[in-house]
Protein chains: 2
Amino acid sequence: MKTQSAVVERLLKYRDVMQKMKGLGFVRVFSDNLADAVGVSPSLVRKDFSIFGLTGNKRGGYQIEELIVRLNVILGKDRKQKIIIIGCGKMGRALMSYNGFPRVGIRVAAGFDSDPAILDEAAPIPILHISKIKDFITEKEIQVAILAVPESSAQSIIDSLKKTCIKGVINFAPVSLRSSDNFLIQSINVEQEIENIFYQIHFAEGATPVAEDVL
Amino acid sequence: MKTQSAVVERLLKYRDVMQKMKGLGFVRVFSDNLADAVGVSPSLVRKDFSIFGLTGNKRGGYQIEELIVRLNVILGKDRKQKIIIIGCGKMGRALMSYNGFPRVGIRVAAGFDSDPAILDEAAPIPILHISKIKDFITEKEIQVAILAVPESSAQSIIDSLKKTCIKGVINFAPVSLRSSDNFLIQSINVEQEIENIFYQIHFAEGATPVAEDVL
DNA sequence: TCCTTTTTGTTATTTAATTCACATGTTTTT
DNA sequence: AAAAACATGTGAATTAAATAACAAAAAGGA
Ligand SMILES: NC(=O)c1ccc[n+]([C@@H]2O[C@H](COP(=O)([O-])OP(=O)(O)OC[C@H]3O[C@@H](n4cnc5c(N)ncnc54)[C@H](O)[C@@H]3O)[C@@H](O)[C@H]2O)c1
Ligand SMILES: NC(=O)c1ccc[n+]([C@@H]2O[C@H](COP(=O)([O-])OP(=O)(O)OC[C@H]3O[C@@H](n4cnc5c(N)ncnc54)[C@H](O)[C@@H]3O)[C@@H](O)[C@H]2O)c1
């Protein structure tokens, strides 16, 4: 039931690169070019394309224009991608005004918070009270939410979202929330990424992580 | 030269879970418990531990207290983890005041920006002009930075950081920056995560991604 | 026209990651 | 004290992912 995230992430990167190439006036691209730009091997690029039935021309590479269109269909960019943001604190507000979303066709329909002091129903992207979230989701048919509430509220909000038509959540709280077949949760844990980097650095400097290194 | 990120990320999660269990008064934990909490199989937990020489007791499971200590050594949490934040716009400022960092022993030493209007040298976590970054990094021996500048500045800042003692960067700009052996870059691309979720949802709803499905 | 070059698309191979399976040491029960 | 119940630790087996290899198609000369 689960389609490989890794392949899809690469498709998104290929498309991104091609979009930029198109902007520079390029018309065709080779698997080598995409491989270099994205940091993978050319054969992986071709295999990824092959999985999704994306084809090019023997020798002439791939037509950028055409490939972007076909990728967009595969990636669902021909539909409107509406999201809501739950928790409009520092992180939530940064996300609400993030210009990277409209740029790729993602529209923030509203923010939600429990603190009455920060509500703003009249703003272009309104901040509504959390009690209105269920009706809003149903009415606007929202399928994806970003969760930017404190750790302590995260699980209970997830539980209530499961009763709505929300099908996927990006979670910024540093808790591990389990996702299931029909309810996807993708957590972004900044502190964990940093700790990981520190580990890699320390290890690269000569620390011995594994016992068998000694043998 | 590259130690598997995936294993380390799981170690970080195991430690996190154990920290919480410890707070609840637990003394020992079984691979099954950690597996459930983190969402992996029990044998993977044991194998991960085995790789790093972490052992428990044949029946009694693992001593939480002791295992956290040993994990912290492996993960380098016995050293101070100082970082800087480059680009103090909406995202950068959210990160500067993020309480999740001190909670796990990460200290933000300073922020840097090119806009004179937002500098604040006197704050507890100062915001300094970008021109001072090289000296600061050298003097304070900073090894890790978070990059939260616009896409257009990201690559040139990376280039200049490579000439300092910075060894790892978390990048929030939606550009693919290539990391090398002695300079790690971990990109966090929120819009890409969202696009991926939309794809997964759409696919789960019955879209046919692969040509061979028809056969 | 035919030969050479180039680049795809796909099959085979290799490498990596995860799960299985079970012998082994520990505790609990009878 | 023996038997039963349990959970670890690790090699073997499996599954998944990435790379390598190459035949076949297209383009550009000679
Ligand atoms: N600030 C950062 O840079 C940063 C970085 C990474 C992760 N995070 C995570 O993102 C989340 C938010 O962080 P923040 O710094 O914006 O915190 P914040 O305290 O600034 O904002 C949290 C917001 O959530 C609201 N809230 C609390 N309970 C709620 C509920 N039940 N329903 C609706 N809204 C509710 C609060 O009113 C507040 O506005 C936290 O889980 C944090 O760990 C933050
Ligand atoms: N805002 C978000 O929620 C969000 C989410 C995901 C990713 N991002 C990414 O994070 C980055 C920052 O986003 P933002 O919303 O905070 O933008 P912003 O415009 O609010 O902040 C950017 C800051 O970088 C500073 N800056 C520009 N060039 C600089 C340079 N050469 N040296 C030092 N500082 C420089 C600017 O003065 C500004 O303060 C962008 O790449 C954006 O795509 C932002």
Side-chain angles (χ1 to χ4, degrees), chain A residues 1-11 13-14 17-18 21 26-64 66-67 70-71 74 196 200 203 209-215, chain B residues 1-14 17-18 21 26-64 66-67 70-71 74 178 196 209-215:
Chain A
M1 185 49 57
K2 157 155 168 273
T3 313
Q4 350 251 114
S5 273
V7 185
V8 178
E9 299 225 321
R10 287 197 298 270
L11 289 189
K13 286 180 186 159
Y14 301 147
V17 170
M18 285 190 286
M21 291 180 76
F26 286 86
V27 174
R28 354 175 278 178
V29 63
F30 303 125
S31 57
D32 284 44
N33 306 141
L34 291 170
D36 286 348
V38 170
V40 300
S41 72
S43 50
L44 186 54
V45 174
R46 297 200 295 275
K47 169 149 293 171
D48 286 343
F49 284 174
S50 156
I51 290 172
F52 291 87
L54 298 168
T55 57
N57 318 72
K58 296 247 154 108
R59 181 137 185 188
Y62 303 87
Q63 297 294 317
I64 291 180
E66 179 203 335
L67 200 46
R70 294 171 68 189
L71 268 173
I74 290 167
N196 194 350
Q200 306 289 345
F203 171 59
V210 194
E212 63 198 272
D213 278 14
V214 188
L215 305 178
Chain B
M1 184 49 54
K2 157 155 170 272
T3 312
Q4 353 250 115
S5 272
V7 185
V8 178
E9 299 224 320
R10 287 197 299 269
L11 290 189
L12 287 161
K13 285 180 186 159
Y14 301 147
V17 170
M18 286 191 284
M21 290 180 76
F26 286 87
V27 173
R28 356 174 275 179
V29 65
F30 302 125
S31 57
D32 284 43
N33 305 141
L34 291 170
D36 286 347
V38 171
V40 299
S41 73
S43 51
L44 187 53
V45 174
R46 298 201 296 276
K47 174 136 292 179
D48 285 344
F49 284 175
S50 157
I51 290 172
F52 291 87
L54 297 168
T55 57
N57 314 79
K58 272 277 153 69
R59 181 156 170 177
Y62 304 86
Q63 297 294 316
I64 291 179
E66 179 203 336
L67 200 47
R70 294 172 68 190
L71 267 174
I74 290 167
R178 194 67 20 70
N196 194 350
V210 194
E212 63 199 271
D213 278 14
V214 188
L215 305 178

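Note that the coordinates shown come from a computational prediction; the quantities given were computed from them, not determined experimentally. In what follows, chains carry the letters A, B, and so on, assigned in the order in which the sequence lines appear, proteins first and then strands, with residues in each chain numbered from 1.
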Inset, instruction - Enter the distance from B:Glu66:CD to B:Arg28:CZ here, rounded to the nearest 0.5 Å. - result: 13.5 Å
Inset, instruction - Calculate, to the nearest 0.5 Å, the distance between atoms CD and CZ belonging to A:Gln63 and A:Arg70 respectively. - result: 11.0 Å
Legend entry - Test side chain to side chain contact (heavy atoms under 4.5 Å, CB included) applied to B:Leu34 and B:Lys13, B:Met18, B:Arg46, the passing residue: B:Met18
Inset, instruction - Return the value, rounded to whole Å, for the distance between atom CG of B:Leu54 and atom P of D:dA7. - result: 20 Å
Inset, instruction - Hey, could you give me the CG/OG distance between B:Asp36 and B:Ser41, rounded to the nearest 0.5 Å? - result: 10.5 Å
Legend entry - Spacing of A:Arg10 atom CZ relative to D:dA16 atom C1', expressed in whole Å: 12 Å
Inset, instruction - May I have the distance from B:Leu11 (atom CG) to C:dA17 (atom P), rounded to whole angstrom? - result: 14 Å
Legend entry - For atom CG of A:Asp48 and atom P of D:dA17, their distance in whole Å: 11 Å
Legend entry - Rounded interatomic separation in angstrom, taking CZ from B:Phe30 and P from C:dT26: 15 Å
Inset, instruction - Starting from P on C:dT26, measure out to CD on B:Gln63 and report it in whole angstrom. - result: 14 Å
Inset, instruction - Kindly compute the distance separating CD1 (A:Ile74) from CG (A:Leu54), expressed to the nearest 0.5 Å. - result: 4.0 Å
Legend entry - Protein-nucleotide distance (A:Phe52, atom CZ; C:dT10, atom C1'), rounded to Å: 17 Å
Inset, instruction - First locate atom CG of A:Asp32, then atom OG of A:Ser43, and finally report the distance between them rounded to the nearest 0.5 Å. - result: 9.5 Å
Legend entry - Minimum side-chain heavy-atom gap B:Leu67-B:Tyr14 below 4.5 Å: no
Legend entry - Sugar-phosphate, base or nothing in reach of B:Phe49, heavy atoms under 4.0 Å: nothing
Inset, instruction - Produce a footprint string for nucleotides 20-30 of chain D: one letter per nucleotide, 5' end first; B if the base is under 4.0 Å from any protein heavy atom, S if only the sugar-phosphate is, - if neither. - result: BB--BBBB---
Inset, instruction - State, with a plain yes or no, whether a side-chain heavy atom of B:Phe52 is found less than 4.5 Å away from one of B:Val7. - result: yes
Inset, instruction - Note the angle between the end axes of the helix from C:dT1-D:dA30 to C:dT30-D:dA1, five pairs defining each, rounded to 10 degrees. - result: 10°
Legend entry - Length of the line joining A:Glu9:CD and D:dA17:C1', which is rounded to integer Å: 15 Å
Inset, instruction - Nearest 0.5 Å please: distance from the OG atom of B:Ser5 over to the CG atom of B:Leu12. - result: 10.0 Å
Inset, instruction - Give a yes/no answer on whether the side chain of B:Ser31 brings an N or O atom under 4.0 Å of OP1 or OP2 in D:dA7. - result: no
